[in-house]
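What follows is a single structure, written as structure tokens, with notes after it.
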Amino acid sequence: MIPPVKMLKNVIYSEESAIQFLFQEGVIKMPSHCSTCGNSGFSIDRKQWRCTKKDCRKKVSLFNGTFFSLSKLPINEVIEFSYYWLAGIKSSQLGLITGHSTNTISNYSSYLRQLVADSLDFEDLIIGGPGIIVEIDESKFGKNKYHRGHPVNGAWILGGVERTENRRIFLIEVPDRTAETLISIIKRYVREGSIIITDCFSSYNNLHQYYDHFQVNHSIEFVDSETGAHTNTIEGTWNAIKYRISPRNRTSSINKDGEITNSAIDEFLLEFQWRRKNVSNLRLRKGFLDALKTVFYI
């Protein structure tokens, strides 16, 4: 999915080698014209583009508009960190491997989540299609105070996963679990003609108006004895997501007034969807490079 770390040695050996790698991959590109004089000629002066027009000579960073434009770390260290992050290494281990502080690891992990999240198009999150089975469920992402009692300050997530080889997925935080809310989101993210399987939660009861809909009563059995319907795929997906999101990052981004607040959970959910989209196609490395090329930073 991603190359062995030994193949990265020549890239992360120095900042110069890392910059050369970004040139080769098309992440760094020469500007089309000088923003001051309109000239289209540039030379490289250290880590800057320099306009070749003698009466201008304006300079601009090589990394202008790229993910690296706001980085305080050397570029080779950012690439090395990104490699370990892509490999799914946990934050506690990243500190031991890279020597960076907890704060630096937290910040760059967040930057990378934002990068891949911004690279997703709405179409990337639409799943299902004629004859494709989609399992739907909702799950509470909460944290327990002192690991006891009921989850507090958590987020309800509605999810759907295709029962296909690629297991494409959508994950949306919801303000409530009413039929109006859940069905409207399902209609938005699941294509017409899909076959939907849910549990017997009452909010799903009217889905048969829009899809072929089967339900399994989990209070009796986990696989419907008559239809064979089950939601094992989405249940397993919840376990995988919660493994990746630590309890401290499972707080809701929707307050009691229904307003969006600052929360990391949306970033984590989008990261999971991005990884699912790319890992299933063995495109994790290419997907990351595409994100670096297409997401523009102002």
Can you establish whether the number of heavy atoms outside N10 located under 6.0 Å from its atom CG is more than 12? no
Please check if the number of heavy atoms outside K29 that lie under 6.0 Å from its NZ is greater than 12.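 Check fails, neighbour count at 12 or below.
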Let's go through R113 and L270 carefully: what are the C-alpha distance in whole Å and the side-chain angles of both, what is the deciding distance for side chain to side chain contact (heavy atoms under 4.5 Å, CB included) to 0.1 Å, and is it a yes or a no? CA-CA 8 Å; R113 285 194 298 272; L270 287 167; over 6 Å; no
Counting C-beta onward and ignoring hydrogens, is there a side-chain heavy-atom pair between [X] and [Y] closer than 4.5 Å?
{"X": "F67", "Y": "V27", "result": "no"}
{"X": "S184", "Y": "K187", "result": "no"}
{"X": "F141", "Y": "I241", "result": "yes"}
{"X": "D290", "Y": "S119", "result": "no"}
{"X": "V161", "Y": "I127", "result": "no"}
{"X": "D137", "Y": "E235", "result": "yes"}
{"X": "F288", "Y": "N278", "result": "no"}
{"X": "F42", "Y": "C34", "result": "yes"}

Could you tell me whether a side-chain N or O of [X] sits under 3.5 Å from a main-chain N or O of [Y], the two making a donor and an acceptor?
{"X": "S61", "Y": "Q48", "answer": "no"}
{"X": "S17", "Y": "S14", "answer": "yes"}
{"X": "S43", "Y": "T52", "answer": "no"}
{"X": "D199", "Y": "F201", "answer": "yes"}
{"X": "N107", "Y": "T104", "answer": "no"}
{"X": "S194", "Y": "V134", "answer": "no"}
{"X": "S110", "Y": "S106", "answer": "no"}
{"X": "Q273", "Y": "L171", "answer": "yes"}
{"X": "Y211", "Y": "I186", "answer": "yes"}
{"X": "R276", "Y": "R167", "answer": "yes"}

Pair T66, L292 - check side chain to side chain contact (heavy atoms under 4.5 Å, CB included), show working. CA-CA 7 Å; T66 74; L292 289 176; over 6 Å; no
side-chain contact (heavy atoms from CB on, under 4.5 Å), paired with F68, selected from I79, L73, I19: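 That would be I79; it is the only one of I79, L73, I19 passing the side-chain contact (heavy atoms from CB on, under 4.5 Å) with F68.
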Exercise: identify the closest heavy-atom pair between [X] and [Y]:
{"X": "R57", "Y": "K54", "answer": "CG-O, 3.4 Å"}
{"X": "I12", "Y": "N76", "answer": "O-ND2, 3.3 Å"}
{"X": "S69", "Y": "N64", "answer": "CB-CA, 4.4 Å"}
{"X": "K242", "Y": "S139", "answer": "NZ-OG, 2.8 Å"}
{"X": "I105", "Y": "H100", "answer": "CD1-O, 3.6 Å"}
{"X": "I132", "Y": "T164", "answer": "CG2-CG2, 3.8 Å"}

Between [atom1] of [X] and [atom2] of [Y], what distance do you get to the nearest 0.5 Å?
{"X": "L125", "Y": "L269", "atom1": "CG", "atom2": "CG", "answer": "11.0 Å"}
{"X": "I157", "Y": "W238", "atom1": "CD1", "atom2": "CH2", "answer": "6.5 Å"}
{"X": "I196", "Y": "E135", "atom1": "CD1", "atom2": "CD", "answer": "11.0 Å"}
{"X": "D55", "Y": "C37", "atom1": "CG", "atom2": "SG", "answer": "7.0 Å"}
{"X": "E25", "Y": "R285", "atom1": "CD", "atom2": "CZ", "answer": "5.0 Å"}
{"X": "H33", "Y": "C51", "atom1": "NE2", "atom2": "SG", "answer": "11.0 Å"}

List the steps, then state whether side chain to side chain contact (heavy atoms under 4.5 Å, CB included) holds for I75 with K47. CA-CA 11 Å; I75 301 305; K47 291 189 284 187; 5.6 Å; no
R244 to W85 six-membered ring, cation-pi geometry met (6.0 Å, 45°): no
Tell me whether the NZ or CZ atom of K9 lies within the 45° cone about the ring axis of Y83 and under 6.0 Å from its centre.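 Cation-pi check for K9 and Y83: fails.
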Would a hydrophobic clustering, with Ile, Leu, Val, Met, Phe, Trp and Tyr connected at side-chain separations under 4.5 Å, put [X] with [Y]?
{"X": "Y13", "Y": "I97", "answer": "no"}
{"X": "F296", "Y": "W274", "answer": "no"}
{"X": "V174", "Y": "Y210", "answer": "yes"}

Side chain to side chain contact (heavy atoms under 4.5 Å, CB included) between I44 and F23: does it pass, once the steps are laid out? CA-CA 12 Å; I44 295 179; F23 270 117; 3.8 Å; yes
Taking the six-membered ring for Trp, is the centroid-to-centroid distance between Y189 and F122 below 6.0 Å?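 Distance test on ring centres: under 6.0 Å, yes.
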Looking only at side chains, do Y108 and S71 share a donor and an acceptor under 3.5 Å apart?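 Present: a donor and an acceptor within the cut-off.
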Under-4.0 Å salt bridge between E123 and R168: no
Using a strict cut-off of less than 4.0 Å between a Lys/Arg side-chain nitrogen and an Asp/Glu carboxylate oxygen, indicate whether E162 and R191 qualify as a salt bridge. no
